[in-house]
Amino acid sequence: MRREYNGGLIAFSRFFSSFASKSCSPESSIHCQFRLLYVACESLTTTHTFSWLLRQCIDGRSITGLKKIQTQMLKSGFPVEISGSKLVDASLKCGEIGYARQLFDGMRERHIVTWNSLIAYFIKHRRSKEAVEMYRLMITNNVLPDEYTLSSVFKAFSDLGLEKEARRSHGLAVILGLEVANVFVGSALVDMYVKFGKTREAKLVLDRVEEKDVVLITALIVGYSQKGEDTEAVKAFQSMLGEKVQPNEYTFASVLISCGNLKDIGNGKLIHGLIIKSGFESVLASQTSLLTMYLRCSLVDDSLRVFKCIEYPNQVTWTSLISGLVQNGREEMALSVFRNMMRDSIKPNSFTLSSALRGCSNLAMFEEGRQIHSIVSKYGFDKDKYAGSGLIDLYGKCGCSDMARLVFDTLSEVDIISLNTMIYSYAQNGFGHEAIELFERMIHLGLRPNDVTVLSVLLACNNSGLVEEGCAFFDSFRKDKIMLTNDHYACMVDMLGRAGRLEEAEMLITEVINPDLVLWRTLLSACKIHRKVELAEHITRKVLEIAPGDEGTLILMSNLYASTGKWNKVIEMKSVMKEMRLKKNPAMSWVEVDRETHTFMAGDLFLHPNSKEILETLEDLIRMAKDLGYVEDKSCVFQDMEETAKERALHQHSEKLAIAFSVWRNVGGNIRILKNLRVCVDCHSWIKIVSRVINREIICRDSKRFHHFRDGSCSCGDYW
DNA sequence: ATAGGGTTAG
């Protein structure tokens, strides 16, 4: 009789659902189900039917239905303990935590499944605190946790950093014999120790688990690769194969990260083969991991080949490609990939945006970067620290530290990275006081400065001529036992050297355990500024002992001889360089106009389609600058030639060409140019005057810093 | 009836 009714019910339900799918809206379909439940609830008793009905409620997310079933269960004398856990589980699956909690609180006797379901729900929704509270309540109520409880709750411990309590529960798992016997408990433990950064203990747990499976071993591999113990990760993977445990896409993903970190292309390709052999070749996660691995190993073509085989790349796949291309210096391609992604209507996330922004800031692509800024806003990432730092970096590298600051001030959370980025932006642009102010705020917030902070602060002092402040900071960093690297020393050597305190600068180098070429070259360029030929010769001899024929040193020395008029020495140096087949890095400037980049090389305009117009504009600008007092500084010419030829050479320095081009194209607003070397004294004084002539700000990024030319003066205070 | 691992970033 009952069975018949149940069968009838199913048929009834089928009738309704087919009816619903054909002609009804989803709401009316659920309405039909309510009617159905109402009818059914009148006379039902079997466990089987209750389960079926609960399933219907879960599918229809119907709390009303649940309540009806509850009444019916009570009426029919269904064991309260069982019905309770069933109802709690069903309410949680309907997303009704409030009702579940209400049921839970009303129970006199609670089945362990009830506890487990609630804990699992909290874990699933990352409500770790409540999960742990529930677990504690369970213990105080003398309910002994089982394998289900433990395999869930460990995640909450690691999430909240409750290591002590976690170890106590681990002990419980050992006493109950679950650590060894239940692989779920074992993997949860491994995962937990991994999250605590304790890979050694994770491995000890793994070794004790009797029947090891993929998840267990993968959890350990993940731990190794996230901690940078990449060799261990690869070893664990190999031993997994030895134990005949079949890896899956999760396993491949983590071991491939380690291969990428190790640049272990041999194992990387081996795993690629394994992926094909075990049928994971068209699993998106595996494809993405392979793509990333190839990019980390700088095999851009291989990664593109993998990408082409992917039918539907997702957000992560696209992002991985974009960030990898940027890391390999293929910014242009990265940005075109980004545009393709947007065209395919794949939503970007903060990873995507910060990668694309880094592509822009590497090349100081202002317009492109601004467009990405509007995408950042469109998708609601204005307050995000990752996208935000990307924007700060972009604006900093485009010479707009005020815009960088606007972004910084909207961030919802200030952390060491965003602070460092902002301080560095100020430093590059010569806003020393602003940088120091932010640094003080950082200390006030209780954040410990790291090596990037130290470099940014020193650079800020250096670029603003704050020598005393810089020295004071340096001393305090030394006292605070902050690790100082060669870069930090190089910054100080530059600062002291440029201030003419060459002896102190040299002393500082002797303090360094392993002085590198950069340090010596820095001191050498200070010699060049102050025309200290003898000291420079002394240093050059020293450097050439460590690094015979060092290109940078020879060029600096040759330029020093040239600027002091020692032309025979210049010829000598040049012949040495020629013999060693060294070529000077040609000076280049570039400028972005209408999202197109135009590159200029000194004296080289013949190939430009508008050379005539550019030269005419340039002549006008030089004439007007001369009217306001510009005089050529011929010490900036490093070749021995006739005076008029020197003038001509000066007039065609790449930055002058780039500025003339921008003026001719009538670029609106500021003029923003970039240069691969440092700007020379002659161009510097010329650009100052031109900024007044055309009454516009000219921002020039050279290889070391920014110069903001406005109304006849420069932000660097003629100190660079 | 209730349970475990991964991919992209400054």
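Residue numbering restarts at 1 for every chain, and letters A, B, ... go by the order of the sequence lines.
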Inset, instruction - Give one of base, sugar-phosphate or nothing for A:Val214, where a contact means two heavy atoms less than 4.0 Å apart. - result: base
Inset, instruction - Send over the distance from A:Glu147 CD to B:dT2 C1', rounded to a whole Å. - result: 10 Å
Legend entry - Exceeds 12 heavy-atom contacts within 6.0 angstrom, atom NZ of A:Lys263: yes
Inset, instruction - Just call it for A:Val183: base, sugar-phosphate, or nothing, with non-hydrogen atoms closer than 4.0 Å on any strand. - result: base
Inset, instruction - Let me know which of A:Gln102, A:Arg101, A:Met107 forms a side-chain contact (heavy atoms from CB on, under 4.5 Å) with A:Asp105. - result: A:Arg101
Legend entry - Listed nucleotide nearest any side-chain atom of A:Tyr386, set B:dG4, B:dA9, B:dT7: B:dA9
Inset, instruction - Classify the nucleic acid contact of A:Thr149 as base, sugar-phosphate or nothing, counting any heavy atom under 4.0 Å across all strands shown. - result: nothing
Inset, instruction - May I ask you to check whether A:Phe157 and A:Tyr135 place their ring centres under 6.0 Å from each other? - result: yes
Inset, instruction - Report which part of the nucleic acid A:Ser117 touches: base, sugar-phosphate, or nothing (heavy-atom distance under 4.0 Å, all strands). - result: sugar-phosphate
Legend entry - Nearest-nucleotide pick for A:Tyr148, side chain only, options being B:dG4, B:dA3, B:dA1: B:dA3
Legend entry - Candidates B:dT7, B:dG4, B:dT2 - which lies nearest the side chain of A:Val215: B:dG4
Legend entry - Nucleotide B:dT8, atom P - distance to CG of A:Leu284 in whole Å: 13 Å
Inset, instruction - Could you tell me whether A:Asp393 contacts a base, only the sugar-phosphate backbone, or nothing, with contacts defined as non-hydrogen atoms closer than 4.0 Å? - result: nothing
Legend entry - Salt-bridge criterion met for A:Glu232 and A:Lys203 (N-O under 4.0 Å): no
Legend entry - side-chain contact (heavy atoms from CB on, under 4.5 Å) partner of A:Glu179, chosen from A:Leu150, A:Val209, A:Leu189: A:Leu189
Inset, instruction - Determine the contact category for A:Ser323: base if any of its heavy atoms lies under 4.0 Å from a base atom, sugar-phosphate if only primed atoms, P, OP1 or OP2 are that close, otherwise nothing. - result: sugar-phosphate
Legend entry - Centroid distance under 5.5 Å and plane angle under 30°, A:Phe184 vs B:dA3: yes
Legend entry - Selected nucleotide, minimal atom distance to A:Asp89 side chain, candidates B:dA9, B:dT7, B:dA1: B:dA1
Legend entry - Among B:dG6, B:dA1, B:dA9, the nucleotide that comes nearest once only the side chain of A:Ser354 is considered: B:dA9
Legend entry - Separation of B:dT7 C1' from A:Asn248 CG (nearest whole Å): 13 Å
Inset, instruction - Using a 4.0 Å heavy-atom cut-off across all strands, classify A:Lys124 as base, sugar-phosphate, or nothing. - result: nothing
Legend entry - Nearest-nucleotide pick for A:Ser187, side chain only, options being B:dG4, B:dT8, B:dT7: B:dG4
Inset, instruction - Name the nucleic acid region contacted by A:Gln327, choosing base, sugar-phosphate or nothing; use a 4.0 angstrom heavy-atom cut-off, strictly under. - result: sugar-phosphate
Inset, instruction - Tell whether A:Ser355 reaches the base of B:dA9 with its side chain through a donor-acceptor pair below 3.5 angstrom. - result: no
Inset, instruction - Taking only the side-chain nitrogens and oxygens of A:Lys385, find out if one of them lies under 4.0 Å from OP1 or OP2 of B:dA9. - result: no
Legend entry - d(CD1, A:Ile275; C1', B:dG6) in whole Å: 12 Å
Inset, instruction - Evaluate the side-chain proximity of A:Ile119 to A:Glu130: yes if any heavy-atom separation is below 4.5 Å, no if none is. - result: no
Inset, instruction - Answer with yes or no whether A:Asp213 presents, from its side chain, a donor or acceptor under 3.5 Å of a partner atom in the base of B:dG4. - result: yes
Inset, instruction - Quickly work out the A:Tyr312 OH to B:dT7 P distance and round it to whole Å. - result: 26 Å
Legend entry - No-H, no-angle donor-acceptor pair, A:Ser151 side chain to B:dA3 base, under 3.5 Å: yes
Inset, instruction - Kindly point out which of B:dT2, B:dG4, B:dT8 is positioned nearest to the side chain of A:Thr292? - result: B:dT8
Inset, instruction - Name the closest nucleotide to the A:Gln226 side chain, picking from B:dG6, B:dA3, B:dA9. - result: B:dG6
Inset, instruction - Quick one: label A:Ala120 by what it contacts on the DNA or RNA (base, sugar-phosphate, nothing), any heavy atom closer than 4.0 Å. - result: sugar-phosphate
Inset, instruction - For A:Asn420, report the nucleic acid contact type (base, sugar-phosphate, nothing); a contact means any heavy atom under 4.0 Å. - result: nothing
Inset, instruction - Specify the separation, in whole Å, of atom CG of A:Asp146 and atom C1' of B:dA1. - result: 12 Å
Inset, instruction - Compare side-chain N and O positions of A:Ser320 against OP1 and OP2 of B:dT7 and report whether any pair is under 4.0 Å apart. - result: no
Listed pairs under 3.5 Å, donor-acceptor, residues 238-259 of chain A side chains, sequence neighbours left out:
{"residue": "A:Ser239", "atom": "OG", "partner": "A:Ala236", "partner atom": "O", "Å": "3.0"}
{"residue": "A:Asn248", "atom": "OD1", "partner": "A:Tyr250", "partner atom": "N", "Å": "3.1"}
{"residue": "A:Asn248", "atom": "OD1", "partner": "A:Thr251", "partner atom": "N", "Å": "3.3"}
{"residue": "A:Asn248", "atom": "OD1", "partner": "A:Thr251", "partner atom": "OG1", "Å": "3.1"}
{"residue": "A:Thr251", "atom": "OG1", "partner": "A:Thr218", "partner atom": "OG1", "Å": "3.0"}
{"residue": "A:Thr251", "atom": "OG1", "partner": "A:Asn248", "partner atom": "N", "Å": "3.1"}
{"residue": "A:Thr251", "atom": "OG1", "partner": "A:Asn248", "partner atom": "O", "Å": "3.4"}
{"residue": "A:Ser254", "atom": "OG", "partner": "A:Tyr250", "partner atom": "O", "Å": "3.0"}
{"residue": "A:Ser258", "atom": "OG", "partner": "A:Asp230", "partner atom": "OD1", "Å": "2.9"}

Inset, instruction - State which of B:dA3, B:dA1, B:dT8 makes the closest approach to the side chain of A:Lys93. - result: B:dA1
Inset, instruction - For A:Ile217, report the nucleic acid contact type (base, sugar-phosphate, nothing); a contact means any heavy atom under 4.0 Å. - result: nothing
Inset, instruction - Could you tell me the separation between the CE atom of A:Met134 and the C1' atom of B:dA3, rounded to a whole number of Å? - result: 17 Å
Inset, instruction - Please state whether the phosphate of B:dA1, meaning OP1 or OP2, lies under 4.0 angstrom from any side-chain nitrogen or oxygen of A:Arg55. - result: no
Inset, instruction - Under 4.0 Å between any heavy atoms, over every strand shown, what does A:Val113 touch: base, sugar-phosphate, or nothing? Just pick one. - result: base
Inset, instruction - Return yes if a side-chain donor-acceptor contact under 3.5 Å exists between A:Gln70 and A:Tyr99, otherwise no. - result: yes
Legend entry - Distance in angstrom units between A:Phe104 CZ and B:dT2 P, rounded: 17 Å
